[in-house]
Number of protein chains: 4
Amino acid sequence: MRVTDPPAPELSVEGRNMRRASNDEEKGKRRDEILSAAKTVFARSGFHSTTMADVAKEAGLSYGTVYWYFDSKEALFHALMDSEEMALRAHIGQSVIDNALANNDPEVALSAIKHAIRATLEFFENDRQAARLLFRDSLSLGDKFEQHLFGIYERFIGDIEVAIVAAQQTGRIRQGPPKMIAFSVAALIGQVALRRLVTDDELSSVVVADFIVDLLLNGLMPR
Amino acid sequence: MRVTDPPAPELSVEGRNMRRASNDEEKGKRRDEILSAAKTVFARSGFHSTTMADVAKEAGLSYGTVYWYFDSKEALFHALMDSEEMALRAHIGQSVIDNALANNDPEVALSAIKHAIRATLEFFENDRQAARLLFRDSLSLGDKFEQHLFGIYERFIGDIEVAIVAAQQTGRIRQGPPKMIAFSVAALIGQVALRRLVTDDELSSVVVADFIVDLLLNGLMPR
Amino acid sequence: MRVTDPPAPELSVEGRNMRRASNDEEKGKRRDEILSAAKTVFARSGFHSTTMADVAKEAGLSYGTVYWYFDSKEALFHALMDSEEMALRAHIGQSVIDNALANNDPEVALSAIKHAIRATLEFFENDRQAARLLFRDSLSLGDKFEQHLFGIYERFIGDIEVAIVAAQQTGRIRQGPPKMIAFSVAALIGQVALRRLVTDDELSSVVVADFIVDLLLNGLMPR
Amino acid sequence: MRVTDPPAPELSVEGRNMRRASNDEEKGKRRDEILSAAKTVFARSGFHSTTMADVAKEAGLSYGTVYWYFDSKEALFHALMDSEEMALRAHIGQSVIDNALANNDPEVALSAIKHAIRATLEFFENDRQAARLLFRDSLSLGDKFEQHLFGIYERFIGDIEVAIVAAQQTGRIRQGPPKMIAFSVAALIGQVALRRLVTDDELSSVVVADFIVDLLLNGLMPR
DNA sequence: AATGAATGAGGATTCATTCAT
DNA sequence: AATGAATGAATCCTCATTCAT
């Protein structure tokens, strides 16, 4: 699945109404503004400590307007999670593709894994708000959000799994349950990204990514 | 304290004045009962969705009583985190020591790592509530709890680090930044424990633990 | 604002959405309605025995609405004190000026004192709720309110002091510390107003005021 | 009425019980300790902000013990008001009598008034806690306490009235309604005492008392 | 589309009082 | 007499959501 596809627009009731001065493009723009404001305030204070008034204020809109674009606070957060997942996958996908094209690497599969790791850490490094939203807030919101988050996780792991299987087929990676391997890779990346939120590691994300890649490929045993 | 012990059965039909704690021992017992009840309901619904009335009801007490033992909902949760950390460390410590003694292993350091991983997964396998509390709810409660959780994490990683250093000194593990290695180990364990909360993996925790140990030691590259 | 005006009658059977304040004028009006309702219930039962629900009910509003206009119960009471002070000062000021103009009195200073006393007693006679609020409840609310009340007191005494000094300069009043004299005058007025809350003196406030004026001017000694 | 009479002991149920090791004297002592502690904490924080736990702690007693001596928080406060009234009247009575005996003053009536004023201010000067209790807290507690306070006030005024009448009969004070005069005297004293709670007047209570006496006797008019 | 006043359910916390010990 | 654990009614305040304008 390619998440870079545009999401199905949430035409609820107004979809069938007359064409007005402000078109869909305008509407999407306003929606994105709210989403952006929501990201800022949710990342700052967490889901429960953030009020819809905070969101509205940050967006420079009035109180009830947010409800014109989103049905509820929860719906807003789900939309935010979708948005972040898309951004993440766009970033990784682009990175992997760029790399494959640039290097014309015959060992694309292994290379893809390396670059996915680097790109993921890079993404969360550049957008710490995204890391907070996905790794911290999403976990605290009850079952519905947990399901959503694990959906994201599944898709993320699924993509890695594809690369793992490919790498195994070319013999670049030893045999083993690809799902579990993929999960392990994702786990390491996620935890590292989360940890970097709260500690001030002096190491750059490139160094950390390379360490993880090395660890995963070569293990801890002395060679 | 053994957290894996089944909770004290809830005496439901006692007269309301029969439950009076009278001495220090009784008092500590009552406190533990509340802690146990809190663990159950917090793990079930999460911190924010759980009310103090829920805690009291689960404990079979009036909810003013909970405030006799804990100053606030937050204080109760902090106490719960402390309690879980102690239980976890007791479980791991015991497990490592038991293993060292039982096997009289000259390669204690490496063995300790393996067994710590197994013991940790075992602990969370046996006490899924603990996993929910530590890996999910703790992250949603603002800075104070985040600090507390990362304190627990630091201590956990610190213990692993000791074992890593020891294993490096005996040449059983290749050189490299022990802190980062320890963190990677902890990250894998934590994510695995968390994941097992929501998926019904058919694999036992022993199998998973062994996979992780193998992955960490040997890496993904073909040998 | 005239506090002696009868409160706006409570429209009781309006639909709940009819009471929506729409513009600034309406908004100030709604605020005043809440203030008026608060005055009634606080004067009836005292600060601590009055709940915000009582205020809302008296105002015919839902009690979340009170919080739309006032940040807290304390803020509401402070606003009430401000409002009463303004009303009192408006009443006295008007009275003094009216008198000076009407009589074209060359001994304005002495006359002003007499009339300030009369006007103050008159004010509290007409608005016993105000007397309860200022003299009774304000004292029971801790330091912040005590400070507020004494601020009001200081300003009240300050005004009297000005008149005292003027009367001393024209020789109509003997020398002596004007602040202390002013305070004594204020003390007598305040206590008289307070006392009239609980006893049913048959005497009119005019008679009482004249007695006080006479007492203050001539003292108790036989002439 | 002489309030220096001992209060009727509050023998509720235990009065008829067997004579135990601790006698009535002991019991009264403990009761007084609680009263003293209550005075301290009520004066410090006010009635509503003080809990029975505060009282118990200040008295060095356990939580429920206070209830063995007083039926309720309100009963405790009423007892405190009684106690303070007795102390005040004892102080004034003693002072007046001492003065009359010492000076063998033929103008005892006028002298008594002067000395009552001085003694009262002195009392509240020496015991600011008493002033806070009577002038501040008593007013904020609803009708029952208001009635109690005005009873104290009535008795206080009544005593002054007696002296006023006597002074009028000996011609030392001009004619006029003695009750109203007495009230005015009491009002001035009370307000002065209250004011001295919150301002740091540099003047001693003797100077203030003399000013009030002079003001009352001679008035403000130039002689 | 946008506004913001109004609603009211919900929840943490306090504290006077009771009562078994 | 004294203790202090237990109770639960009471209350302030928050905030998601609605809806007239």
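Source: prediction; values computed, not measured.
Each of A:Tyr63 and D:Ser49 has a nearest nucleotide on DNA chain E; the 5'-most of these lies closest to A:Tyr63. When each of C:Ser62 and B:Glu74 is assigned the nucleotide of DNA chain E with its nearest heavy atom, C:Ser62 is the one assigned upstream, toward the 5' end. Where C:Ser72 and D:Gly60 each meet DNA chain F at their nearest nucleotide, the meeting point lying more 5' is that of D:Gly60.
Looking at heavy-atom distances under 4.0 Å, A:Thr50 makes contact with sugar-phosphate atoms alone, never a base. Contact annotation for C:Thr65: base contact, defined as any heavy-atom pair under 4.0 Å involving a base atom.
Rounded to whole angstrom, the span from the CG atom of C:Leu76 across to the P atom of F:dC12 amounts to 11 Å. For the pair A:Tyr69 OH and F:dT18 P, the interatomic distance rounds to 18 Å; values are reported in whole Å.
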Chi angles and distances behind the salt bridge (Lys or Arg N to Asp or Glu O under 4.0 Å) call for A:Arg132, B:Glu146: CA-CA 12 Å; A:Arg132 291 197 97 81; B:Glu146 204 166 276; 3.4 Å; yes
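The one candidate from A:His48, A:Gln129, A:Glu58, A:Lys73 that meets the side chain to side chain contact (heavy atoms under 4.5 Å, CB included) condition with A:Phe42 is A:Lys73.
Nearest heavy atom pair, residue A:Phe70 against residue A:Ala79, reads CE2-CB, 3.7 Å. Closest of all the heavy-atom pairs between C:Val41 and C:Thr50 is O-OG1, 3.2 Å.
For B:Tyr67 and E:dT14, a side-chain-to-base donor-acceptor distance below 3.5 Å is absent, hydrogens and geometry of angles not being considered.
Counting only heavy atoms from C-beta on, C:Lys73 has its side chain closest to F:dC12 among F:dC12, E:dT7, F:dT17. The D:Thr51 side chain lies nearest to E:dA16 when the options are E:dA16, F:dC12, E:dA2.
In this structure, B:Phe145 and B:His78 have parallel ring planes: the angle between them is below the 30° cut-off, well short of the 60° mark.
DNA chain F contains the following stems of three or more consecutive Watson-Crick or G-U pairs, with both distances under 3.5 Å: E:2-21 with F:2-21.
Side-chain nitrogen and oxygen atoms of B:Trp68 include at least one within less than 4.0 Å of the OP1 or OP2 phosphate oxygen of F:dA5.
When the shell of 6.0 Å around CG of A:Asp32 is examined, it contains more than 12 heavy atoms from other residues, nucleotides or ligands.
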